[in-house]
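Basis for what follows: all heavy atoms, side chains included, without hydrogens, waters or symmetry-related copies.
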Amino acid sequence: MRTLNLTIQRQAVYDVVRHSEDHPTAAEVMNRLVEQGYNLAYGTVYNSLRYLTDKELIRELKLGETASRYDARMDDHQHIMCEVCGKVDEVMTEVPPQWMKQVVEETGYAIDHAHVVFGGVCAECRNKRVK
């Protein structure tokens with residue numbers, strides 16, 4: 001059993017991530033905390049995100065060259081990112097077992113998990129292009 005030390009600051013950061021559907025960056029978490037009346041240093045927010053990630057309460061998403069995003073949904077799922085606006089959504093489709101088998105055969109790695117990030121253009125950005 002893991003021991004948690006959820007300070008007021010860590011709890012506030014966790015609550016922001018947990019109640020966000022858009023996979024916020026550290027800067028977005030900071031802005032939302034300010035909107036809620038918190039006055040936390042950037043270092044406190046970053047350290048809290050690291051702590052929460054290390055304790056497996058949230059997941060850090062490194063999606064390409066952009067800033068890390070954070071997700072409180074810890075069940076097995078994938079992500080899709082709009083290549084125009086940067087929006088990130090969840091994909092609940094499982095990684096096919098055949099993919100895992102082929103990767104093992106190709107690399108010789110023993111795989112314990114997979115995270116696939118799809119890229120494309122969201123409906124909103126597609127609609128803007130059409131107009």
Side-chain angles (χ1 to χ4, degrees):
M1 183 173 169
R2 61 183 171 212
T3 304
L4 293 179
N5 180 16
L6 285 185
T7 62
I8 292 169
Q9 295 88 347
R10 289 174 181 162
Q11 184 67 54
V13 170
Y14 180 53
D15 288 344
V16 166
V17 175
R18 195 167 46 119
H19 293 100
S20 297
E21 295 183 14
D22 62 346
H23 308 84
T25 63
E28 290 168 336
V29 170
M30 181 73 174
N31 291 339
R32 292 172 193 180
L33 289 166
V34 168
E35 289 171 2
Q36 294 176 15
Y38 288 94
N39 186 19
L40 303 179
Y42 272 106
T44 301
V45 173
Y46 282 105
N47 289 338
S48 295
L49 289 166
R50 175 62 39 227
Y51 177 86
L52 295 167
T53 300
D54 289 347
K55 294 296 183 180
E56 299 179 347
L57 293 174
I58 64 173
R59 178 185 303 181
E60 180 179 14
L61 304 174
K62 296 183 181 188
L63 307 172
E65 306 267 333
T66 62
S68 291
R69 294 176 169 271
Y70 296 90
D71 187 0
R73 189 169 189 162
M74 297 302 291
D75 58 342
D76 192 23
H77 65 284
Q78 317 315 312
H79 291 90
I80 188 164
M81 183 172 182
C82 178
E83 295 168 348
V84 176
C85 69
K87 177 182 175 185
V88 177
D89 282 308
E90 289 163 336
V91 176
M92 302 314 294
T93 303
E94 291 183 31
V95 174
Q98 183 59 30
W99 287 13
M100 303 284 273
K101 181 179 177 197
Q102 285 178 300
V103 170
V104 169
E105 290 172 0
E106 181 178 322
T107 65
Y109 278 65
I111 299 175
D112 59 3
H113 70 280
H115 179 232
V116 177
V117 179
F118 297 92
V121 179
C122 71
E124 190 174 315
C125 288
R126 267 196 336 273
N127 289 337
K128 286 179 186 175
R129 286 183 177 176
V130 173
K131 293 179 182 178

Distance col, row E28:CD vs D22:CG, nearest 0.5 angstrom, shows 6.0 Å
Suppose the criterion is salt bridge (charged side-chain N to carboxylate O under 4.0 Å, His left out): which pairs have a residue in residues 114-124, not counting sequence neighbours? E124-K128
For the residue pair H77 / D71, report whether a side-chain donor-acceptor contact shorter than 3.5 Å exists. yes
Selection residues 96-106 - residue pairs positive for side chain to side chain donor-acceptor pair (under 3.5 Å), sequence neighbours left out: none
Heavy-atom pair with the smallest gap, counting every atom of C82 and C122: SG-N, 3.4 Å
Common cluster, L61/V91, ILVMFWY with side-chain heavy-atom separation under 4.5 Å: no
Rounding to 0.5 Å, atoms CG (L4) and NZ (K55) come to a distance of 6.5 Å
Indicate the atoms forming the closest heavy-atom contact of H115 with H79, along with that distance. NE2-ND1, 2.7 Å
Counting N and O atoms only, with roles assigned by atom type, does the side chain of R69 sit under 3.5 Å from a partner on the main chain of H23, one being a donor and the other an acceptor? yes
So if you build clusters from Ile, Leu, Val, Met, Phe, Trp, Tyr with side-chain heavy-atom gaps below 4.5 Å, do V95 and V104 land together? yes
Should we count CG of N39 as having more than 12 external heavy atoms under 6.0 Å? no
With sequence neighbours left out, which residue pairs that include part of residues 109-120 fulfil the salt bridge (charged side-chain N to carboxylate O under 4.0 Å, His left out) condition? none
Qualifying residues under side-chain hydrogen bond (donor to acceptor under 3.5 Å, both in side chains), relative to R59, sequence neighbours excluded: none
Measure the OG1-CD distance between T93 and Q78 for me, rounded to the nearest 0.5 Å. 8.0 Å
Go through the structure and list residues passing side-chain hydrogen bond (donor to acceptor under 3.5 Å, both in side chains) with T7, not counting sequence neighbours. Q9
Closest heavy-atom contact between A67 and T25? CB-CG2, 4.2 Å
CA sep, side-chain torsions, deciding dist, call: Y51, L6, side-chain contact (heavy atoms from CB on, under 4.5 Å): CA-CA 9 Å; Y51 177 86; L6 285 185; 4.2 Å; yes
Can you give me the closest heavy-atom contact between A114 and D76, atom names plus distance? O-OD1, 4.1 Å
Taking Y38 as the starting point, is it possible to reach L52 by hopping between hydrophobic residues whose side chains are less than 4.5 Å apart? yes
Please identify each residue that fulfils salt bridge (charged side-chain N to carboxylate O under 4.0 Å, His left out) with R73, with sequence neighbours left out. D75, E90
Taking salt bridge (charged side-chain N to carboxylate O under 4.0 Å, His left out) as the definition, give me every residue that meets it alongside K62, ordered by chain and number, with sequence neighbours left out. none
For residues V117 and I111: do they belong to one hydrophobic cluster (side chain heavy atoms under 4.5 Å, members Ile, Leu, Val, Met, Phe, Trp, Tyr)? no
Report yes if the side chains of M81 and D89 come closer than 4.5 Å at any heavy-atom pair, otherwise no. no
For residues 33-44, which residue pairs pass the salt bridge (charged side-chain N to carboxylate O under 4.0 Å, His left out) check, not counting sequence neighbours? none
Apart from V34 itself, what residues make up its hydrophobic cluster, given side-chain heavy atom links below 4.5 Å? none
Donor-acceptor pairs are to be reported for all side-chain atoms of residues 41-49 against protein atoms at under 3.5 Å, with residues two or more places apart or in another chain.
unit_1: N47; atom_1: ND2; unit_2: G43; atom_2: O; d: 3.1
unit_1: S48; atom_1: OG; unit_2: T44; atom_2: O; d: 2.7

Sequence neighbours excluded, the answer for salt bridge (charged side-chain N to carboxylate O under 4.0 Å, His left out) partners of E60 is R50
Hey, can you pull the donor-acceptor pairs under 3.5 Å for the side chains in residues 11-21, sequence neighbours left out?
unit_1: Q11; atom_1: NE2; unit_2: D15; atom_2: OD1; d: 2.8
unit_1: D15; atom_1: OD1; unit_2: R18; atom_2: NH2; d: 2.6
unit_1: H19; atom_1: ND1; unit_2: D15; atom_2: O; d: 2.7
unit_1: S20; atom_1: OG; unit_2: V16; atom_2: O; d: 2.5
unit_1: S20; atom_1: OG; unit_2: R32; atom_2: NH1; d: 2.8

